[in-house]
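Notes to accompany the following structure.
Bear in mind that the values here come from a model prediction, so they are computed numbers and not experimental data. Here, residue 1 is the first one in the sequence, and each next residue gets the next number.
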Amino acid sequence: MKNKSNMQNGLIERLFKLRERNTDFKTEVLAGATTFITLAYIIFVNPQILSEAGIPKEAAIAATIWSSAIATTLMALLANYPIAVAPGMGLNAFFTYTVVKQFGLHWTVALGAVFFSGVVFLVLTVTKIRSWIIEAVPPSLRSAIPVGIGLFIAFIGLINAGIVVKSDATLVAFGHILKPETLLSIFGLILAAVLISRGVRGALIISILTTTVVAMIFGVSPLPKGIGDVISLHIPSLAPTFGKLDIAGAFHYGLLNIIFTFTIVELFDNMGTLMGLLKKAGLLGERGEPPALGRAFISDSVGTMISPVLGTCTVTSYIESAAGIAEGGKTGLTGITVAVFFLLALFIAPLVGLVPAFATAPALIIVGALMMTEIVHINFEDFTEAFPAFITVIGMPLTYSIATGLGLGFISYTLVKLLSGRAKEIHWMMYVIAAAFTINFVLR
């Protein structure tokens, strides 16, 4: 038994280099549990958003959990990072509300576009094109992208909560806050905001579950009829979505801007998140270079190709991993722990199905608020930087499309710099990107 234990310890050490990174098994497992608690809300929110695209909710739950577990495991084993990977907030909104609802494509075709974006991301990773794009996009636009996505997500959350409603006179208006569902959403929003302000781990998941329970108590949502409606040994089936992606359909429609948007958002969201988390974990080199960044991008791109096969949108690294890193997580063993917890969550799939949309709406609003922090990095002193960033930010929620906001930002940046006599500040790749978006807008 002792020899077997030593062999297991030796394997863990070889895989994750615990001693080299000055950590131990217990610390890594506790860090993984902490990350999962802060991230668990995605199990409730992502299926809710995907179900609005027509994906069967049970399959969406299964796809969310399996893709998160697989992608996080890839990140842990290939890059040895203490970082969780799951379907991206913002990317799921783009998938449902822009690609499916606005463009009118079937969810199977949208999954085909996600697969293509994973292939493109992989090609960008193994070539110099990735570095060209990163160098080409100015810091102001890099910061504007998550801010715009945050506003877009928050806007969707406000609509789902009933706080913002349609209006023939003014397009949008203040909702009827005395409706039970809206009151409960406001309750969940305040609860989440207070918990986060107090530094409580898992604030969003606590808010979602508490709002759901209160809704059940007051008869706004149905009560579970038995323990089987909360926990079940029956694992949700992937059959309705597994392998249903329509790659030929995505190719036939020529979804260049959709694939490009998925790829660009994934690239910069991942880059910013990874650099921030690795800095927090103390894993950057002396010159600020991250170890195994290429392998991290490869794991993300492979995860993005796997996720649509399972039935969900693009996966990305999650900033919530900072919670586990703060607890001492420094290796991929933290990620493996997160992946195990995701798989255990398969047994609470019935509970996920009981959570109503108005209970997850506060999480969308809060995530949107958290994504606003990047706005401080936009240079508002230089109007040639500030104006394109503003157009990017405001364009996403007001056109109800991340792709449109992204395109408007790239085009306006190139034009304003060029016509202001500052063409030398424009990277040649920006001309290519702006031209591609312009052609797409004209031919749409």
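- The stretch residues 357-378 participates, sequence neighbours left out, in no salt bridge (Lys or Arg N to Asp or Glu O under 4.0 Å) pair at all.
- The backbone N or O of I336 sits nowhere less than 3.5 Å from a side-chain atom of T73 that would complete a donor-acceptor pair.
- One finds the CG atom of L277 at 13.0 Å from the OH atom of Y318 (value rounded to the nearest 0.5 Å).
- Remark: the backbone N or O of T316 is not paired with any side-chain donor or acceptor of D300 at under 3.5 angstrom.
- From I247, atom CD1 reaches atom CZ of F115 across 4.5 Å, with rounding to the nearest 0.5 Å.
- Side-chain contact check for S68 versus P87: some heavy-atom pair is nearer than 4.5 Å.
- Taking the six-membered ring for Trp and the full ring otherwise, the centers of Y413 and F387 sit at least 6.0 Å from each other.
- When all heavy atoms of M75 and I83 are compared, the pair lying nearest together is CG-O, 3.8 Å.
- Under the 3.5 Å distance criterion, the side-chain polar atoms of S67 are matched with a main-chain donor or acceptor of T64.
- Taken from OG in S117 to CG in L122, the straight-line distance is 11.0 Å, to the nearest 0.5 Å.
- Using a 30° and 60° split on the angle between ring planes, F36 and F342 fall in the perpendicular class, above 60°.
- Side-chain N or O atoms of S185 include one that pairs as donor or acceptor with a backbone N or O of F358 at under 3.5 Å.
- The side-chain heavy atoms of Y41 and V367, taken from C-beta on, include a pair separated by under 4.5 Å.
- Salt-bridge formation is not detected for the pair R21/E28: no Lys NZ or Arg NE/NH1/NH2 atom is positioned less than 4.0 Å from an Asp or Glu carboxylate oxygen.
- When atom types are taken as modelled, the side chain of T212 and the backbone of I208 share a donor-acceptor pair closer than 3.5 angstrom.
- Atom-to-atom distance recorded for I235:CD1 and F347:CZ is 4.5 Å, nearest 0.5 angstrom.
- Under a 3.5 Å cut-off, the side chain of T38 and the backbone N or O of T35 do form a donor-acceptor pair.
- In terms of modelled atom types and a separation under 3.5 Å, the side chain of T360 and the main chain of V45 share no donor-acceptor contact.
- A distance of 10.5 Å separates CD in E13 from CG in L11, rounded to the nearest 0.5 Å.
- Pairs of residues two or more places apart, or lying in two chains, that qualify as salt bridge (Lys or Arg N to Asp or Glu O under 4.0 Å) and include a residue from residues 31-52 are E52-K101.
- A donor-acceptor pair under 3.5 Å is formed between the side chain of K244 and the backbone N or O of A239.
- One distance of note links CG of N46 with CE of M89; it measures 7.5 Å at 0.5 Å rounding.
- Considering only residues two or more places apart in sequence or on other chains, E425 meets the salt bridge (Lys or Arg N to Asp or Glu O under 4.0 Å) condition with K417, R422.
- You'll find the side chain of I159 stays beyond 4.5 Å of the side chain of Y97, heavy atoms only.
- In this structure, the side chain of T98 does not engage the main chain of F103 through any donor-acceptor pair within 3.5 Å.
- Proximity of a side-chain donor or acceptor of S140 to a complementary backbone N or O of A386 within less than 3.5 Å is not detected.
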Before giving the answer on side chain to side chain donor-acceptor pair (under 3.5 Å), spell out for T108 and H106 the whole-Å C-alpha distance, their side-chain angles and the decisive distance to 0.1 Å. CA-CA 5 Å; T108 55; H106 195 266; 2.9 Å; yes
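- Between I49 and N92, the shortest heavy-atom contact is CG2-O, 3.6 Å.
- Of the listed residues (L195, T34, I206), just one forms a side-chain contact (heavy atoms from CB on, under 4.5 Å) with R201, and that residue is T34.
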